[in-house]
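Naming: A, B, ... by sequence-line order, numbering from 1 per chain. Predicted model only: the values in this text are computed from it and were never measured.
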Amino acid sequence: MTQQADPARPSEMAKSYDPRATEDRVYRFWETRGYFKPRPNDARPPFCIIMPPPNVTGELHVGHALTDTVEDILIRWHRMLGDPTLWVPGVDHAGIATQNVVEKQLAKEGLTRHDLGREEFERRVWQWVDRYRPIIANQHRRLGASADWSSEVFTLDETPQRAVRTLFKKLHDDGLIYRGERMINWCPRCRTALSDLEVEHEDQPGNLWHIRYPIVDGHDAEGRPHVGEDSMVVATTRPETFVGDVAVAVNPADERYRDRIGRTVLLPVIQREIPIVGDEATEMEFGTGALKVTPGHDPVDFEIAQRVGLPIINVMNLDATLNTEAGPYAGMDRYEARQVILRDLEELGYLVKVEPHDMTIGVCSRCHTVVEPLMSWQWFVNQRALAQPAIDAVRDGRITFVPERFERIYLNWMENIRDWCVSRQLWWGHRIPVWYSADDDGDRIAVTYRDPAAGSNAAPITGTYNELRAQGITHEQILAHATWSGVEATPIVAIETPERSPSGGGHLLQENDVLDTWFSSGLWPLSTLGWPDDTPALRTWYPTSVMETGYDIIFLWVARMIMLGLYNVGQIPYSVVYLHGTVRNEHGQRMSKSLGTGIDPLEIVEQYGADALRYTLITSSGPGNDLRLSEQRVEAGRNFANKLWNAARFVISMIGEGTVRLPEALPPAGSPLEDRWILSRVEGLVRSVDEQMGKFELGEAARQVYEFVWGEFADWYIEIAKVRVRADVPSGPSPLPVLAYVLERCLRLLHPVMPFVTEEIWQALAAKIEDTEPEALIVAPYPRGESGYADAGAEREMALIIDVVRAVRNIRAEKKVEPARFIEAYVAADGARGVIEAGRAYVETLARVRPLHVVASVADAPRNQVAKAVLEGATAVVPLAGLFDLDAERGRLSKLIAEAEAEAGRIAAKLDNAGFRAKAPAKIIATEEERLAAARTRLDGLRATLDELA
RNA sequence: GGGCGAUUAGCUCAGCCGGCUAGAGCGUCUCGCUUACACCGAGAAGGUCGCAGGUUCGAGUCCUGCAUCGCCCACCA
């Protein structure tokens, strides 16, 4: 690659890192070079992540940025480890959510989807999709996501469509999907059934109304009931449903009501006679102990009705207005009806009491409308049969969760799983692959036909298919302008859209409903890789490696992928489920567009750079925990990128026009202490990062690199290197190879977290290094700790030099020595004289000491008007002359002595404890003994110093 | 009603198998434009790790109970 043609190589390094001048260019460099595509490597296991597909509903929010960050870190890490690595991006059609946003858009034009008709409406939604898909993909790119864009999938693409139909057919053939009339959650605003998981529960203050139902004491000649004084009082939170009551239930064990079981009551207003029944589900302590049974609108009541054998009355229309069963209340909205009914009951003397009662109500997770439980014909998937293998897979450890605790949550849900209502009365989504034959079942298909010429207010024509045809309405007109229900007809289930029914008829009506979005999502690890076809991709990448997503969709998504993966191909979809938390804003609020509490990730990228955002997201919290995104932290991330940039700028400018050769072998024993030290430290860092990454402790790994780069490499090694390259220092080996080597290691370690700045620097640095192996950092091997540079002795010795520098600096600051002024100092270090002597030049420069006297013992240093710092292995003595303040020095020493005494006392107490000596590991005891000795030495030194002051 | 998580410096959080003299960033204070970086450097102050018990030689870390906040699950109308 030539220098001019290389889009990733900056011509010169600016004074500070500018993400805006870098990120797009570097991303294009990676993408055009094809680095995001998997590279074959037989020696390594494949690594694959299927990206959770964001909804096409709009732009990405910070939660997606967290997903991208975590996944991209894992992907980049594995790519650098040499694994064949694939990250599959995708987008979700998000049935109900997308339909809602497009309907909202239509509403602004004064239109409903019914004004457009199904086909035209779908066209509108596709326009929306076409607009947002590229926006979303571009946002991923801005965040640095190294996904293989050539493999991007949309949930309504051809293959996922076929996957959905294939699964549906298989479930149907196995008897695991069925059509039935069940009690479901109905959203009156979205006008569709919902699964249990799409209902959110909210606590709300409400009332418990006590209503009196008179007991029937006889009938007249025509059989009309007659009531007396006696009555039953029921307690309810939903008085408006009394029109649908079919019984009053009491607990059979309830002495108060036992003898009333078998009698009947008369519903006020409605004048319907209903029985008093006994059922154990009735709580004696609650309310009056008598329960009005409304099986059409309450799941508990429904079960009672099933047990006792009661009819079911549906009193509600699909828009939550009362229907004709409600008599005088027909046509009223449910809440309006509540008020009117309460007023009537009160006027008629049937309302006995009202008491406040808090309750939990279900609301639609998409629009927050109160959900209505009602009986409805829907398609259901039997979950029990699918659940067992999915339970086993987690129990036996084939699938593990990070963090572990989510395993129990998953299992608990799986073990109590209930059937899944999968049909949705929407227009946007995977249409259920079921057809009805009008030729064979024309009398059993109920059709509602809206004549487009008649205007939208005209009443629809209803009847069976055959009846409508008899009225001259054509099959094509029905297809275009009608809805139908084939609950009594025979379903024809097929993968390919059938042309004819089994009996040969050509008039087919496909099921109106679409499938729950999560039905196709549950197939995602399979359908993205080509299933139901047996593709090379499927064989290579399935089962995938890690499923990384938010813990909030364990049931909605993760559980279903596991069930369906095992059901379809008998294999788990992935072996690790890594769950991240919810991103909140600085005030701990959930991100919400409607509340205006959302944060646009691209605005942060624009201002601080993608690397800063990524670093912040990954270090702000641990796996599974929520995090608050604060701008200050992003700023810190930005500063870190800049720090790295400038450290690199220094190294590169030092190399100048020439090039440098990296150290090839262990540093020889004679090489400078600081070289052996930093090489040992970087080796330790590499090992630790490797370990943390392996445990999915990505944030901890990033923090460790940060600490190293800033606190050790920049603060100490670079500062020392400056001294070394200056002319006034005795000549020795150049620090350049070590500088370049350590920087290069850091860039590799950090690349998964901060890909842009590291690649940009690396390209510049690589040009200065002889025999650079890979052509880009993104594909450079990730360090794993095999350099052999570990050197505990060097680390100990260097720690002493750092201690001495710090001690002198501390004294200088406390005594207010002018920063620029050089002062004389002594270091007494009997055993470590050589070490200090070797580091003399660094201590002198870094602590601004000149001259530095290295002596054997404190006795060889001045005693009067000096400040002393007693360190482990050395004592620093700083003569202060005019700056010396006896009282202040006494105070300073007394405080240090007190601290040292406390510490020595604590350790001594521990060591004196017989139990500790008997039971603690020898290594710990030895450490404690060393620490005690050190503390005592320090204490002695400090005491002696104080005594001398007297 | 059941379960889970959080509670550590003024703020936001680390502290992963118990050995800590409890860390970081931001903020605060005192200095300093020293030719990589003021998106910086040097130094400092600041915490009885929510409360109460317990296990242990040793507990921020494990156990029990409680409190506060948050979340999830759940058919008491």
Checklist line | Carboxylate-amine/guanidinium proximity below 4.0 Å for A/E903 and A/R938 | finding: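 Salt bridge flag = yes for A/R938 with A/E903.
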
Notebook entry, point to check: Using 4.0 Å as the upper bound for N to carboxylate O, is an ion pair formed by A/R724 and A/E719?
Noted result: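 Judged by the 4.0 Å cut-off on N to carboxylate O distance, A/E719 and A/R724 do not form a salt bridge.
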
Checklist line | Pairwise distance CG(A/L629) to CG(A/L613) - rounded to 0.5 angstrom | finding: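 A/L629 CG to A/L613 CG: 6.5 Å, rounded to 0.5 Å.
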
Notebook entry, point to check: Measuring from A/K292:NZ to A/T236:OG1, what's the distance to the nearest 0.5 Å?
Noted result: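 So the NZ of A/K292 and the OG1 of A/T236 are separated by 4.0 Å.
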
Notebook entry, point to check: Is it true that atom CD of A/E404 has more than 12 heavy atoms of other residues, nucleotides or ligands lying nearer than 6.0 Å?
Noted result: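 Count not over threshold, so no.
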
Can you tell me the Watson-Crick or wobble partner of [N], both distances under 3.5 angstrom?
N      : result
B/rG46 : none
B/rG41 : B/rC31
B/rC71 : B/rG3
B/rA24 : B/rU12

Spacing between [X] atom [atom1] and [N] atom [atom2], to the nearest angstrom:
X      : N      : atom1 : atom2 : result
A/R633 : B/rG27 : CZ    : C1'   : 14 Å
A/L617 : B/rA14 : CG    : P     : 14 Å
A/E707 : B/rG25 : CD    : P     : 6 Å
A/R931 : B/rG19 : CZ    : C1'   : 8 Å
A/R628 : B/rA14 : CZ    : P     : 11 Å
A/R821 : B/rU34 : CZ    : P     : 19 Å
A/R850 : B/rU34 : CZ    : C1'   : 13 Å
A/E899 : B/rA45 : CD    : P     : 8 Å

Note to self: Assuming nearest nucleotide by heavy-atom distance, tell me which of A/K895 and A/V817 is located more 5' along RNA chain B.
What the structure shows: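 Comparing both residues, the 5'-ward one is A/V817.
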
Item checked: 5' priority, RNA chain B, between A/P921 and A/A914 [closest heavy atom] ->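 Result: A/P921.
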
Next item on the list: Scan A/R408 against the nucleic acid and name what it touches under 4.0 Å (heavy atoms): base, sugar-phosphate only, or nothing.
Entry: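 Counting heavy atoms under 4.0 Å across all strands, the contact made by A/R408 is with sugar-phosphate only.
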
Next item on the list: Would you mind classifying the nucleic acid contact of A/R917 as base, sugar-phosphate or nothing, using non-hydrogen atoms under 4.0 angstrom?
Entry: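 Contact class for A/R917: none.
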
Notebook entry, point to check: Is the glycosidic angle of B/rC17 within 90° of 0, making it syn, or outside that range, making it anti?
Noted result: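 Syn, angle within 90° of zero.
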
Checklist line | Lys NZ or Arg CZ of A/R850 over A/F822 ring: under 6.0 Å, within 45° | finding: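 Geometry flag: set, cation within 6.0 Å and 45°.
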
Margin query: Can you tell me how the ring of A/Y551 sits relative to the ring of A/F406, calling it parallel under 30°, perpendicular over 60° and tilted otherwise?
Written below: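 Parallel: the ring planes of A/Y551 and A/F406 meet at under 30°.
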
Notebook entry, point to check: Which of parallel (below 30°), tilted (30 to 60°) and perpendicular (above 60°) describes A/Y706 and A/Y615?
Noted result: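 Correct class here is parallel.
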
Margin query: With the threshold set at under 4.0 Å for non-hydrogen atoms, list the residues of residues 690-701 of chain A touching RNA chain B in residue-number order.
Written below: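 Result for residues 690-701 of chain A: A/Q692, A/K695, A/E697, A/E700, sorted by number.
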
Note to self: So if I define the base as every atom that isn't primed, P, OP1 or OP2, how would nucleotides 36-42 of chain B read as a B/S/- string at a heavy-atom cutoff under 4.0 Å?
What the structure shows: BBSBSSS

Polar-atom pairs under 3.5 Å, protein N or O versus N or O of nucleotides 73-77 of chain B: list them with distances, or write none.
from   : atom 1 : to     : atom 2 : distance (Å)
B/rC75 : OP1    : A/R418 : NH1    : 3.4
B/rA77 : N6     : A/E283 : O      : 2.9
B/rA77 : N6     : A/F286 : O      : 2.9
B/rA77 : N1     : A/E283 : N      : 3.2

Item checked: Test item: side-chain donor near acceptor, A/D245 and A/Y213, under 3.5 Å ->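 A/Y213 and A/D245 do have a side-chain donor-acceptor pair below 3.5 Å.
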
Next item on the list: Please lay out, stage by stage, how A/I211 and A/V233 fare under the test side-chain contact (heavy atoms from CB on, under 4.5 Å).
Entry: CA-CA 5 Å; A/I211 303 170; A/V233 177; 6.0 Å; no

